Amino acid sequence: MTQVTLAEEGLDTLFGVHDENLRRIERTFDVTLTARGTELSILGEPEKAQAVERLFRELDVVTGKGYKLRPGDVPTAIRVVAESPTTSLVEFFLPEGLLAAVRRLVSPRSYKQQLYLKAMIDYDIVITIGPAGTGKTYLAVAMAAAALLEKRVKRIILARPAVEAGERLGFLPGDLAEKVNPYLRPLHDALHDIIGYEKVGRMMERGIIEVAPIAFMRGRTLNDSFIIVDEAQNTTTEQMKMVLTRVGFNSKAVINGDVTQVDLPQGKLSGLREAQEVLSDVEGIKFFTFDQSDVVRHALVQKIVTAYDRHDRLKRDRE
């Protein structure tokens with residue numbers, strides 16, 4: 001049995017409502033926890049008990065450095081230690097440089113998400129493939145916003161192909177901007193969440209933030225820009241090549257998509273799928289992959305994604 005003495009301040013947040021965080025730790029690491037005041041007993045296999053002890057000791061260091069734990073931080077810490085036992089929670093919660101600027105806007109909820117943020121700092125082009133709910137778009141928008149606020153770029157370009165997701169919407173009224181707006185709504189939502197509705201409005205009026213369909217990028221060279229292409233599985237080969245060749249000096253591009261959710265007409269090759277083959281050996285381009293285990297939305301979303309993936313595999317096996 002391992003004993004840990006915890007600081008009294010912040011104990012309620014650490015343990016969670018009705019000790020839900022302690023129960024989560026027990027399920028994740030297969031240990032038994034007993035708390036009496038600030039004294040915590042950990043019973044389990046030595047390796048697992050040590051991981052849990054390290055979890056509590058590192059969170060104690062994090063709070064000792066002045067970080068105030070929020071309710072979602074403890075489940076995140078549990079996930080990080082389970083994913084990568086050697087990862088420092090101090091470095092995770094208290095990073096430096098641009099990563100610290102991103103953390104002021106949004107918090108990564110897993111070790112994989114932190115690696116994704118680091119990839120966007122280290123590489124000029126990041127092509128990210130993974131299912132819904134893994135934070136691909138949201139974290140990319142947060143990184144773009146941090147780069148803009150830190151004056152590392154002068155503008156943000158957000159784009160996506162205007163392809164209907166299994167629906168036929170028919171005629172959409174209004175001018176061109178109003179016609180494509182429904183397709184770009186998720187990007188608007190992420191921007192408003194991270195930067196704020198009024199600030200986004202002012203930046204869009206001044207051209208600092210541009211949200212547009214991919215067609216708007218043709219013929220342009222985008223310098224000093226952070227470019228995000230969402231739903232890239234629905235780009236054609238020509239569109240993908242065009243987007244990637246728009247990247248100018250002091251610019252970054254993040255291309256996001258889910259190759260299992262292609263809505264292109266039958267017979268049309270996904271530009272994202274092709275890019276996986278064509279660009280896999282190109283130095284300076286980082287391919288980053290999430291899978292269903294990285295989904296950090298509602299627990300049911302992860303189960304839904306997993307169920308559909310299993311169904312697709314069975315279907316392919318039967319064919």
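All of these numbers come straight from a predicted model, not from anything done at the bench.
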Donor-acceptor pair, side chain of Gln3 and main chain of Ser41, under 3.5 angstrom: no

Arg57 with Glu53: basic N within carboxylate O range, under 4.0 Å: yes

Salt bridge Arg104-Glu150, side-chain N to carboxylate O under 4.0 Å: yes

Side chain Thr134, main chain Gly130, donor-acceptor under 3.5 Å: no

With sequence neighbours excluded, residues passing side chain to side chain donor-acceptor pair (under 3.5 Å) with Asn223: none

Pair Asp312 + Lys315, salt bridge at N-O below 4.0 Å: no

Salt-bridge criterion met for Arg220 and Glu210 (N-O under 4.0 Å): yes

Within-4.5 Å side-chain heavy-atom neighbours: Arg103 and Leu99: no

Heavy-atom side-chain proximity of Leu6 to Asp60 below 4.5 angstrom: no

Those residues that, when tested against Arg273, pass side chain to side chain donor-acceptor pair (under 3.5 Å) (two or more places apart): none

Output field: ring centroids Phe288/Tyr123 closer than 6.0 Å: no

Pairwise distance CZ(Arg155) to CD1(Ile227) - rounded to 0.5 angstrom: 8.0 Å

Student check: side-chain heavy atoms of Thr260 and Tyr308 closer than 4.5 Å: no

Nearest non-hydrogen partners of Gln233 and Ser270, listed with the distance: O-OG, 2.8 Å

Under the side chain to side chain donor-acceptor pair (under 3.5 Å) test, residues paired with Asp19 that sit two or more places apart: none

Step-by-step side chain to side chain contact (heavy atoms under 4.5 Å, CB included) determination, Tyr67 to Asp73: CA-CA 11 Å; Tyr67 184 89; Asp73 286 336; 2.9 Å; yes

Check: Ser251 side chain, Leu222 main-chain N or O, donor-acceptor pair, under 3.5 Å: yes

Under-4.0 Å salt bridge between Glu26 and Arg23: yes

